[in-house]
Enquirer: 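For reference, the structure I am asking about is given below.
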Amino acid sequence: MDTAERLDLVTQYAEEVIEEDELRELLEAEDDPSVYIGYAPTGEMHIGHFTTIRKLADFLQADLDVTVLVADLHAHLDDEKSPFDLLDARTEYYQEAIEGMVEAAGANPDDISFVRGMDYQLDEEYSLELYRMAAETTLARSQRAASEVVRESESPNLGGVIYPLMQSLDVKSLDADIAYGGIDQRGIYMLSREMLPEHGHDKPVCLFAPLLAGLTGDKMSSSKDASKVNLTDDPDTVESKIDDAYCPMGEVEDNGVLEYVRYLVFPVLDEWDDSFVVERPEQYGGDLVYERYEELEADFESEELHPADLKSATGSYISEVIDPVRKRLTSQSDLLAKAYPESHE
RNA sequence: CCGCCCUUAGCUCAGACUGGUAGAGCAGUCGACUGUAGAUCGACUUGCCCCCCGUUCAAAUCGGGGAGGGCGGACCA
């Protein structure tokens with residue numbers, strides 16, 4: 001596989017690359033550059049996470065060395081989103097869910113290295129470096145970096161300003177060439193690019209995935225159940241959530257349903273070598289078949305494809321895509337019960 | 001260590017002075033209208049009023065104690 005092909009795989013479906021030239025050089029210079037993404041094990045994982053995880057399959061295919069950090073300490077530092085004594089259980093659940101999603105994306109979870117934050121973040125060397133970073137960073141700088149990630153509050157905790165420093169240091173500790181994450185992570189990684197050269201590590205190339213719009217017409221929110229599909233939602237629930245979604249006819253911008261189709265369904269169908277079939281009643285013109293997302297979007301924009309027909313097709317595809325994850329998680333209900341005792345008694 | 005303020009629906013808060021077992025907005029649910037959803041209209045739901053003790057016929061409301069949170073001061077030989 002040549003560099004152009006690898007570059008294409010690595011950057012497809014990405015929201016932004018900082019900087020593309022650096023990435024090209026990296027791919028040219030290294031056979032297997034390292035990329036990492038971190039997840040703080042807080043709330044239950046949902047389909048939004050799938051967007052970022054799905055791409056790990058592309059990375060593997062492009063011969064990248066992929067590391068997933070389960071950032072347990074971060075989950076607690078961020079306004080105690082996860083109570084300290086649930087970190088073990090949630091870490092275990094996250095790894096299982098992530099492996100399930102990798103598998104659903106058509107890759108082998110064994111090809112990915114999983115690392116747990118506290119396994120190295122308490123080391124002497126790491127701690128000292130962190131204190132040095134703290135000494136050279138203003139509160140305002142750190143807060144600005146983390147503002148899209150850390151929960152905002154009238155009385156912010158110190159944890160929230162340590163958070164982006166640690167995340168920057170993680171890039172170094174994991175020896176990552178590429179820092180990958182949702183576009184909400186941009187602020188933190190721009191801080192990393194500023195700081196890391198002073199701390200003995202190259203500026204990471206940053207690769208950001210889009211954050212999918214929610215199903216209710218605003219941002220997807222993990223606390224708003226109707227705005228997202230959960231990995232453990234049964235097919236009926238998935239279909240009714242899609243069916244209830246905000247989806248104006250012909251409107252392509254910020255349309256959650258279309259984004260699901262674009263970033264989740266089509267990439268996976270591509271993997272399966274399948275096309276997207278819309279079953280449509282004869283009175284409205286009969287079935288439609290799409291090979292590429294762009295064709296579907298064009299039809300939707302021209303109002304040839306009605307939202308109701310799009311929804312019913314999307315609902316069943318999404319359900320099918322998450323099915324392996326759903327099975328994996330529901331067959332281990334004790335994992336969820338331990339990680340989220342309040343919602344899974 | 002000292003002082004002051006806050007804690008009521010999922011969320012933001014009103015009600016406390018002048019005791020009579022709770023309200024608004026948002027959110028949510030359900031209908032109507034749309035070949036979807038939204039918008040709009042109509043209806044509906046929601047509560048250990050932070051905890052304990054006391055006063056009283058009666059306490060979200062008054063008194064005492066406690067917990068959690070916030071703000072400020074003092075200390076800086």
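Reckoned from all heavy atoms, side chains included, excluding hydrogens, waters and symmetry mates. Lettering of chains follows the sequences in order, A, B, ..., and the numbering in each one begins at 1.
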Enquirer: Quick one: A:His306 NE2 to B:rG35 C1', roughly how many Å, whole number?
Expert: 5 Å
Enquirer: Determine which nucleotide pairs with B:rA67, using a 3.5 Å limit on both distances of a Watson-Crick or G-U wobble pair.
Expert: B:rU7
Enquirer: Testing A:Leu7, A:Leu207, A:Ile178 one by one against A:Val17 for a side chain to side chain contact (heavy atoms under 4.5 Å, CB included), which residue passes?
Expert: A:Leu207
Enquirer: In whole Å, I'd like the distance from the CD atom of A:Glu80 to the C1' atom of B:rG69.
Expert: 12 Å
Enquirer: Determine the interatomic distance between C1' on B:rA59 and the same-named atom on B:rC4; round to the nearest Å.
Expert: 25 Å
Enquirer: Checking contacts here: which listed nucleotide (B:rG35, B:rU36, B:rG38) is nearest the side-chain heavy atoms of A:Tyr284?
Expert: B:rG35
Enquirer: Watson-Crick or G-U wobble partner for B:rA39, using a 3.5 Å limit on both distances?
Expert: none
Enquirer: Give a yes or no on whether a salt bridge exists between A:Glu271 and A:Arg54, defined as a side-chain N under 4.0 angstrom from a carboxylate O.
Expert: no
Enquirer: Round to the nearest Å and state the distance from A:Leu215 atom CG to B:rU36 atom C1'.
Expert: 13 Å
Enquirer: Figure out the CG/P separation between A:Asp225 and B:rG10, and round it to whole Å.
Expert: 16 Å
Enquirer: If I pick the C1' atom on B:rG66 and the same atom on B:rG42, what distance separates them, to the nearest angstrom?
Expert: 48 Å
Enquirer: Over all heavy atoms of both residues, which pair between A:Ala57 and A:Ala107 is shortest? Give the atoms and the distance, please.
Expert: CB-CB, 3.9 Å
Enquirer: Could you tell me how far B:rU56 sits from B:rG64 if I compare only their C1' atoms? Round to whole Å.
Expert: 16 Å
Enquirer: Calculate the interatomic distance between A:Asp309 atom CG and B:rG35 atom P; express it in whole Å.
Expert: 14 Å
Enquirer: Taking any strand in view, what nucleotide pairs with B:rU34 in a Watson-Crick or G-U wobble way, both distances under 3.5 Å?
Expert: none
Enquirer: Over all heavy atoms of both residues, which pair between A:Ala40 and A:His74 is shortest? Give the atoms and the distance, please.
Expert: CB-CB, 4.1 Å
Enquirer: Paired with B:rC1 by Watson-Crick or G-U wobble geometry, both distances under 3.5 Å: which nucleotide is it?
Expert: B:rG73
Enquirer: Could you work out the separation of B:rC1 and B:rC62 based on their C1' atoms and round it to a whole Å?
Expert: 31 Å
Enquirer: Expressed in whole Å, how much space separates the C1' atoms belonging to B:rA14 and B:rC26?
Expert: 14 Å
Enquirer: Less than 4.0 angstrom from a charged side-chain N to a carboxylate O is my criterion; do A:Asp88 and A:Arg116 meet it?
Expert: yes
Enquirer: RNA chain B: A:Pro281 or A:Ala226, which has the more 5' nearest nucleotide?
Expert: A:Ala226
Enquirer: If I take atom CG in residue A:Asp244 and atom P in nucleotide B:rU29, what distance separates them, rounded to the nearest angstrom?
Expert: 8 Å
Enquirer: Between B:rA60 and B:rU7, how far apart are the C1' atoms? Round to whole Å, please.
Expert: 12 Å
Enquirer: Between B:rG19 and B:rC57, how far apart are the C1' atoms? Round to whole Å, please.
Expert: 12 Å
Enquirer: Write down the partner of B:rG47 under the Watson-Crick or G-U wobble criteria, each distance required to be under 3.5 Å.
Expert: none
Enquirer: If B:rC57 has a Watson-Crick or G-U wobble mate with both distances under 3.5 Å, name it; if not, just say none.
Expert: B:rG20
Enquirer: Can you check the distance between B:rG38 and B:rU45, where both ends of the measurement are the C1' atom (answer in whole Å)?
Expert: 22 Å
Enquirer: For A:Leu310 and B:rA37, give me the distance from atom CG to atom P, rounded to whole Å.
Expert: 14 Å
Enquirer: Below 4.0 angstrom, N of the basic side chain to O of the carboxylate: do A:Glu148 and A:Arg186 qualify?
Expert: no
Enquirer: Roughly, in whole Å, what's the span from CG in A:Asn255 to C1' in B:rG38?
Expert: 11 Å
Enquirer: Using the side-chain heavy atoms of A:Tyr246, tell me which of these nucleotides is nearest: B:rG70, B:rU36, B:rA37.
Expert: B:rA37
